[in-house]
Colleague: 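One structure coming up, written as structure tokens, with questions to follow.
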Amino acid sequence: MLKDDASSANTGVFNLHKIAESFPDTASTMLIDTRLTDERHASSRVFRIYHPVPAHYHATCDEYLVVLSGRATFFLGEAPPFEAGPGQLIFFKQGTIHGTPGILEEPFVVLAVDTPRRDPADIHFVNPADGTPDTFIQSKRLY
């Protein structure tokens with residue numbers, strides 16, 4: 001178990017690097033994630049991007065992303081794409097179109113905090129032919 005036991009169910013301590021190292025090498029979906037917390041006001045998870053992610057948005061939450069490892073091309077709204085790498089915090093409001101058109105260095109692993117909680121089905125592709133919640137992400141318990 002990679003989650004350190006805490007004395008209360010209201011707390012948690014997670015080893016993000018060990019969780020990041022536990023992702024499989026390949027995936028059939030664009031992402032695999034593992035939820036760390038899943039509260040009404042906010043959810044947190046670690047995810048790895050395996051395949052380019054087309055333009056999409058989330059209708060119900062703002063998102064805070066901290067890159068833990070790897071490098072990728074990322075875009076937010078109409079701004080030009082930029083390179084995202086370890087230590088960067090990326091923030092965007094609900095409804096912001098975003099995506100990851102290229103992975104430059106693997107594994108590309110991110111800590112995400114969604115406020116309020118993001119339902120896993122809250123993924124809306126700009127071009128519906130680009131994917132569905134089932135082709136977008138697979139959740140696994142990795143700790």
Colleague: Tell me whether Asn127 at atom CG has more than 12 heavy atoms from other residues, nucleotides or ligands lying less than 6.0 Å away.
Modeller: yes

Colleague: Can you check whether Val46 reaches Phe14 side chain to side chain, under 4.5 Å on heavy atoms?
Modeller: no

Colleague: Of the options Thr34, Leu111, Leu68, which is the one that meets Ile19 in a side-chain contact (heavy atoms from CB on, under 4.5 Å)?
Modeller: Thr34

Colleague: Does the pair Thr37 and Ser43 meet the rule for a side chain to side chain donor-acceptor pair (under 3.5 Å), with working shown?
Modeller: CA-CA 5 Å; Thr37 63; Ser43 57; over 6 Å; no

Colleague: Listed by chain and number, what are the side-chain hydrogen bond (donor to acceptor under 3.5 Å, both in side chains) partners of Asp38, not counting sequence neighbours?
Modeller: Arg35, Arg117

Colleague: Residues in side chain to side chain contact (heavy atoms under 4.5 Å, CB included) with Lys140, at least two apart?
Modeller: Pro24, Ile32, Gln138, Leu142

Colleague: Scan for salt bridge (charged side-chain N to carboxylate O under 4.0 Å, His left out) pairs involving residues 46-61, sequence neighbours excluded, and state none if there are none.
Modeller: Arg48-Glu106

Colleague: List, by chain and then residue number, the residues other than Ile137 in its hydrophobic cluster (Ile/Leu/Val/Met/Phe/Trp/Tyr, side-chain heavy atoms under 4.5 Å); write none if there are no others.
Modeller: Met30, Leu31, Phe47, Ile49, Val53, Leu65, Val67, Phe74, Leu76, Phe82, Ile90, Phe92, Ile103, Phe108, Val110, Ile123, Phe125, Phe136

Colleague: Within the 4.5 Å heavy-atom criterion, are Thr73 and Thr100 side-chain neighbours or not?
Modeller: no

Colleague: Quick one, Glu63 with Gln94, criterion side chain to side chain contact (heavy atoms under 4.5 Å, CB included). Give me CA distance, side-chain angles, the key distance, then yes/no.
Modeller: CA-CA 7 Å; Glu63 198 160 10; Gln94 68 186 43; over 6 Å; no

Colleague: Donor-acceptor pair, distance only, cut-off 3.5 Å: does the side chain of His56 make one with the backbone of Ile97?
Modeller: no

Colleague: Any side-chain heavy atom of Val66 sitting closer than 4.5 Å to one from Leu16?
Modeller: no

Colleague: Heavy atoms only: give me the nearest Gly131-Thr135 pair and the separation to one decimal.
Modeller: CA-OG1, 3.3 Å

Colleague: Hey, any chance Leu104 and Phe75 share a hydrophobic cluster, counting ILVMFWY side chains that come within less than 4.5 Å of each other, even indirectly?
Modeller: no

Colleague: For His124, enumerate each residue passing the side chain to side chain contact (heavy atoms under 4.5 Å, CB included) test, keeping only those at least two apart in sequence or located in another chain.
Modeller: Tyr57, Ala59, Asp122

Colleague: If you look at every heavy atom in Pro52 and Pro101, which pair is closest and at what distance?
Modeller: CB-O, 3.4 Å

Colleague: Sequence neighbours excluded, which residues qualify as ring pair (Phe, Tyr, Trp, His ring centres under 6.0 Å) partners of Tyr50?
Modeller: none

Colleague: Can you name the residues that form a side chain to side chain contact (heavy atoms under 4.5 Å, CB included) with Ala42, not counting sequence neighbours?
Modeller: Thr115

Colleague: Apply side chain to side chain contact (heavy atoms under 4.5 Å, CB included) to Ser139 and list each qualifying residue two or more places apart in sequence or on a separate chain.
Modeller: Asp33

Colleague: Do Thr60 and Asp119 make a side-chain contact, defined as non-hydrogen atoms from C-beta onward lying under 4.5 Å apart?
Modeller: no

Colleague: For residues Ala121 and Pro133, report the shortest heavy-atom separation together with the two atoms involved.
Modeller: O-CG, 3.7 Å

Colleague: With sequence neighbours left out, which residue pairs that include part of residues 78-89 fulfil the salt bridge (charged side-chain N to carboxylate O under 4.0 Å, His left out) condition?
Modeller: Arg71-Glu83

Colleague: Under the side-chain hydrogen bond (donor to acceptor under 3.5 Å, both in side chains) rule, collect the residues that match up with Ser69, sequence neighbours excluded.
Modeller: none

Colleague: In Å and rounded to the nearest 0.5 Å, what is the OG to CG distance from Ser44 to Asp114?
Modeller: 8.5 Å

Colleague: Thr96: which residues meet the side-chain hydrogen bond (donor to acceptor under 3.5 Å, both in side chains) condition with it, sequence neighbours left out?
Modeller: none

Colleague: Restricting to pairs with a member in residues 84-94, which pass salt bridge (charged side-chain N to carboxylate O under 4.0 Å, His left out), not counting sequence neighbours?
Modeller: Asp62-Lys93

